[in-house]
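Structure in structure tokens, see below.
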Amino acid sequence: MKAGEQSPGSKPLTLGDLRAMRESGEPIACLTAYDSTFAVAQEAAGVDLILIGDTLGMVVQGHDSTVPVRVDDIIYHTQCVTRAVRRPWVVADMPFLSVRSPQVAVEAAGRMMQEAGARMVKLEGGESQVAVTRALADQGIPVCGHLGLQPQLVHKLGGFKVQGREAAAAQAIVDRACELEQAGADMLLLECVPNAVTQGVVAATSVPVIGIGAGPHAHGQILVMHDMLGVTAGRKPRFVKNYMAEAGGVEAAFASYVGEVKSGAYPQPTHGFG
């Protein structure tokens, strides 16, 4: 399937559809994408949600973290994706410092929706995350809150480390998840947290919870596309499975990933943190 071509009956997914998947127990299959070619292949494979992640700073631009990524970078790559796909729910990342105040966040998120066609924005952040979420929700902007490991804070955290291992830190993640939902978040993403933390968030909230390195209990799974294709340089996170190694091609790798997420075959216990 080429860019602009749609399979019969491939109507766009809505937040209502994603909530229904949560309620029915159908896992939500998510991947990152940054251009039209890979986005089209992901849609053909049945990917439900595409994230234009600020990971593009590392896998596309060659930086050693996501910190240098700008709002204009996210807008450009989101445009590349939204021109090409119809069915997947498209989420644009709010890059470093774009959520430093509610006013700045609303302006940046508004551009991502108006100029780039994003259907939701995802944000990391500290204490201001709740206030920013409320401001975005008040403007009708769907929000995905990002908890656990927050790559934009890598320098403050001292590296890419599992979060929520201690009881107090785990409870803080659950509490923040509840606060974000109450502020208007429509979805949550948990990164690199123990399985028990994911279970706690799922039990305490009523929105879809997506995991990356967060175990099998989330309502959906997401991986960085370059990681699951086995083309990322350097050490791979333990939660990543190389789907290209078995599939032998990009389209087959995407389809295998979607199939394993939907069936519950991915993630395995070895892909999470106890």
- Please say which of V91, V90, I210, L31 ends up in a side chain to side chain contact (heavy atoms under 4.5 Å, CB included) with L51.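 Looking at V91, V90, I210, L31, the match for L51 under the side chain to side chain contact (heavy atoms under 4.5 Å, CB included) is V91.
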- Query: Is it true that atom CD of E115 has more than 12 heavy atoms of other residues, nucleotides or ligands lying nearer than 6.0 Å?
  - Reply: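 Yes.
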- Nearest-0.5 Å distance, CD of residue E181 to CZ of residue R176: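 Answer rounded to 0.5 Å: 14.5 Å.
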- Indicate whether the side chain of Y257 and that of Q221 have a donor and an acceptor atom separated by less than 3.5 Å.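 No.
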- Query: Looking at N242, T32, T232, which hits side-chain hydrogen bond (donor to acceptor under 3.5 Å, both in side chains) with D227?
  - Reply: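 When N242, T32, T232 are each tested with D227, the side-chain hydrogen bond (donor to acceptor under 3.5 Å, both in side chains) holds only for T232.
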- Item | Atom pair CG/CZ of L223 and F239 - distance to nearest 0.5 Å |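 Between atom CG of L223 and atom CZ of F239 there are 7.0 Å.
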- Task: Please list, chain by chain and in numerical order, all residues satisfying side chain to side chain contact (heavy atoms under 4.5 Å, CB included) with A172, sequence neighbours excluded.
- Result: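 With sequence neighbours excluded, A172 shows a side chain to side chain contact (heavy atoms under 4.5 Å, CB included) to no residue whatsoever.
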- Query: Taking it one step at a time, do F96 and E124 satisfy side chain to side chain contact (heavy atoms under 4.5 Å, CB included)?
  - Reply: CA-CA 8 Å; F96 184 63; E124 303 176 26; over 6 Å; no
- To the nearest 0.5 Å, how far apart are CD1 in I212 and OG1 in T55?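 The OG1 atom of T55 is 8.0 Å from CD1 of I212, to the nearest 0.5 Å.
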- Message: Can a donor-acceptor pair be found, under 3.5 Å and without considering hydrogens, that links the side chain of T82 to the backbone of A116?
- Response: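 Yes, T82 side chain to A116 backbone: donor-acceptor pair under 3.5 Å.
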- Query: By side chain to side chain contact (heavy atoms under 4.5 Å, CB included), which residues pair with D186, not counting sequence neighbours?
  - Reply: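 Counting only residues at least two positions away or on another chain, D186 forms a side chain to side chain contact (heavy atoms under 4.5 Å, CB included) with L15, R19, M120, P142.
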- Message: Could you check whether any side-chain heavy atom of H271 comes within less than 4.5 Å of a side-chain heavy atom of K241, counting everything from C-beta outward?
- Response: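 Yes, side chains in contact.
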- Query: Under the 6.0 Å and 45° cation-pi test, does R70 pair with Y76?
  - Reply: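 Not satisfied by the 6.0 Å and 45° rule.
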- Looking just at side-chain N and O atoms, do S256 and E246 make a donor-acceptor pair shorter than 3.5 Å?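 Not at all, the side chains of S256 and E246 share no donor-acceptor pair under 3.5 Å.
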- Item | Test log, rule side chain to side chain contact (heavy atoms under 4.5 Å, CB included), inputs I173 and L190 | CA-CA 9 Å; I173 292 173; L190 299 178; 4.3 Å; yes
- Query: Do the rings of H226 and F38 sit parallel, tilted or perpendicular, given the 30° and 60° boundaries?
  - Reply: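 Geometry flag for F38 against H226: tilted rings.
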- Message: I want to check something: taking the side chain as every heavy atom from C-beta on, are L189 and L147 in contact at a cut-off of under 4.5 Å?
- Response: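 No. Closest side-chain heavy atoms not under 4.5 Å.
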- Item | Y34-T78 side chain donor-acceptor pair, cut-off 3.5 Å |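 Result is no, nothing qualifies.
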- Item | Shared hydrophobic cluster, V104 / M94 (ILVMFWY, side-chain heavy atoms < 4.5 Å) |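 Result: no, two separate clusters.
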- Message: Taking K122 first and then D54, would you say they form a salt bridge - that is, a charged N and a carboxylate O separated by under 4.0 Å?
- Response: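 Salt bridge between K122 and D54, a charged N being under 4.0 Å from a carboxylate O: no.
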- Task: Check whether any side-chain heavy atom of W89 lies under 4.5 Å from a side-chain heavy atom of I28, and answer yes or no.
- Result: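 No, side chains not in contact.
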- Message: In the structure I gave you, are the side-chain heavy atoms of H146 and E191 within less than 4.5 Å of one another anywhere?
- Response: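 Yes, close enough: below the 4.5 Å cut-off.
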- Under the side chain to side chain contact (heavy atoms under 4.5 Å, CB included) rule, what do M187 and V143 come out as? Steps first, then yes or no, please. CA-CA 7 Å; M187 185 179 293; V143 176; over 6 Å; no
- Under 3.5 Å, is there a donor-acceptor pair between the side chain of D138 and the main chain of A135?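 No.
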- Query: Side-chain contact, heavy-atom cut-off 4.5 Å: M58 with D64?
  - Reply: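 Heavy-atom side-chain distance check fails, nothing below 4.5 Å.
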- Item | Carboxylate-amine/guanidinium proximity below 4.0 Å for R83 and D35 |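 The answer is no: the pair does not qualify as a salt bridge.
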- Message: Using modelled atom types and a 3.5 Å cut-off, is there a donor and acceptor pairing between side-chain atoms of R134 and backbone atoms of G184?
- Response: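 Pair absent, no side-chain N/O of R134 close to backbone of G184.
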- Item | R119 side chain near P12 side chain, heavy-atom distance below 4.5 Å |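 R119 reaches P12 side chain to side chain.
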- Task: Taking the side chain as every heavy atom from C-beta outward, state whether V197 and F273 have any pair of such atoms under 4.5 Å apart.
- Result: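 Side-chain contact under 4.5 Å: no.
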- Would you please test I74 and V69 for side chain to side chain contact (heavy atoms under 4.5 Å, CB included) and show each step? CA-CA 8 Å; I74 296 291; V69 176; 4.0 Å; yes
- Got M225 and Q42 here, is their nearest side-chain heavy-atom distance under 4.5 Å?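 Yes, close enough: below the 4.5 Å cut-off.
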- Task: Any chance you could measure L180, atom CG, to Q129, atom CD, to the nearest 0.5 Å?
- Result: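 That separation rounds to 4.5 Å.
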- Between N195 and Q199, does any side-chain donor sit less than 3.5 Å from a side-chain acceptor?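 There is no such pair between these side chains.
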- Message: Salt bridge check, E43 against R86: does any charged N sit closer than 4.0 Å to a carboxylate O?
- Response: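 No, R86 and E43 are not salt-bridged.
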